[in-house]
A.B. asks: 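Structure below; questions to follow.
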Amino acid sequence: MALRVLIAEDEEALAVLLRYNLEAEGFVVEHVARGDEADLRLKEDPPDLLLLDWMMPGLSGIEICRRLRARKETARLPVIMLTARGEETDRVRGLETGADDYIVKPFSVPELMARVNALLRRTKPDHLSDRLELGDLLVDRRAKRVHRAGKELHLGPTEFRLLEFLMQNPGRVYSRSQLLDGVWGRDTYIDERTVDVHVGRLRKAVTRRGQKDPIRTVRGTGYAFDETFGG
């Protein structure tokens with residue numbers, strides 16, 4: 001079952017960006033823009049992870065954090081606090097209130113996603129696997145190694161991230177711009193044709209003579225990991 005993330009953030013553009021990237025990694029995402037709405041949702045149906053803005057209308061992130069830590073049902077809920085306040089005293093205050101991690105705006109989406117996955121590996125290890133396995137293809141996310149039919153393959157770091165990204169949602173078709181955002185990050189300004197180059201390198205690395213190509217090209221749209229691979 002997919003893990004659920006609640007985004008409590010009043011900056012609409014940032015919330016849209018976070019939702020897009022979280023859903024691309026397979027999370028089920030809900031967004032609220034007010035602190036009192038977040039407090040209500042946390043009481044009604046706690047998520048698996050909370051991304052919590054420090055300053056919101058209705059109720060501050062600090063007060064929400066205090067309240068959820070005081071309730072038995074949410075005392076251990078993983079929380080990453082998002083804030084423009086970067087002073088050491090503010091960071092200490094946020095962590096002392098009960099946040100598990102703290103990231104200062106503006107931040108890169110790849111860094112936030114790395115923190116999300118790292119926190120969930122610590123708090124929910126049974127739900128976030130370090131291994132992706134489809135057919136005879138195995139990706140060890142922690143060791144950064146790939147094997148096919150028991151033989152180790154040698155991928156560059158970009159090809160590894162591309163394969164990992166596609167394997168998380170077999171059958172889902174990603175446009176080149178979506179792959180640029182998800183693999184390279186939104187702050188990277190490179191030509192979309194770069195995606196085609198790296199997909200070509202990935203195909204060459206994971207497909208030997210006679211083996212089935214796991215990457216499916218959808219003409220005019222983009223690429224997907226073939227959901228029938230290994231079937």
A.B. asks: Does V29 offer a backbone N or O that forms a donor-acceptor pair with the side chain of R19 under 3.5 Å?
C.D. replies: yes
A.B. asks: What closest approach, in Å, do D213 and R203 show between heavy atoms, and which atom pair accounts for it?
C.D. replies: OD2-NE, 2.7 Å
A.B. asks: Okay, side chain of D39, backbone of G35: is any donor-acceptor separation there less than 3.5 Å?
C.D. replies: no
A.B. asks: Go through the steps to decide whether T228 and K212 satisfy the test side-chain hydrogen bond (donor to acceptor under 3.5 Å, both in side chains), and finish with yes or no.
C.D. replies: CA-CA 10 Å; T228 68; K212 182 178 180 180; 3.1 Å; yes
A.B. asks: Run the salt bridge (charged side-chain N to carboxylate O under 4.0 Å, His left out) check on D196 and R176 step by step: do they pass?
C.D. replies: CA-CA 8 Å; D196 299 327; R176 290 168 178 80; 2.8 Å; yes
A.B. asks: Give the ring-plane orientation class for F165 versus Y174, where under 30° counts as parallel, over 60° as perpendicular and anything between as tilted.
C.D. replies: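 Tilted: the ring planes of F165 and Y174 meet at 30° to 60°.
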A.B. asks: A side-chain contact here means heavy atoms from C-beta on lying under 4.5 Å apart; do H198 and L202 qualify?
C.D. replies: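 A side-chain contact is absent here, since even the closest heavy-atom pair is not under 4.5 Å.
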A.B. asks: Where the side chain of R41 meets the backbone of E30, is there a donor-acceptor pair that is under 3.5 Å apart?
C.D. replies: no
A.B. asks: What distance do E9 atom CD and D53 atom CG have between them, rounded to the nearest 0.5 Å?
C.D. replies: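 Reported value, rounded in 0.5 Å steps: 4.0 Å.
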A.B. asks: I'd like to know if R69 and D100 make a salt bridge, using a cut-off of under 4.0 Å between side-chain N and carboxylate O.
C.D. replies: yes
A.B. asks: Under 4.0 Å between a Lys/Arg side-chain N and an Asp/Glu carboxylate O for E164 and R161?
C.D. replies: no
A.B. asks: Give a yes or no answer on whether the side chain of H31 reaches the backbone of L6 with a donor-acceptor pair at less than 3.5 Å.
C.D. replies: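 Side chain of H31 to backbone of L6, a donor-acceptor pair under 3.5 Å: no, none is there.
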A.B. asks: Hey, does the side chain of R148 reach the backbone of V206 with a donor-acceptor pair shorter than 3.5 angstrom?
C.D. replies: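 Yes: the side chain of R148 pairs with the backbone of V206.
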A.B. asks: Looking at R172 and L166, would you say the former's side chain and the latter's main chain have a donor-acceptor pair under 3.5 Å?
C.D. replies: no
A.B. asks: Is there a donor-acceptor contact under 3.5 Å from the side chain of S60 to the main chain of E63?
C.D. replies: yes
A.B. asks: Does atom CZ of R71 have more than 12 heavy-atom neighbours from other groups under 6.0 Å away?
C.D. replies: yes
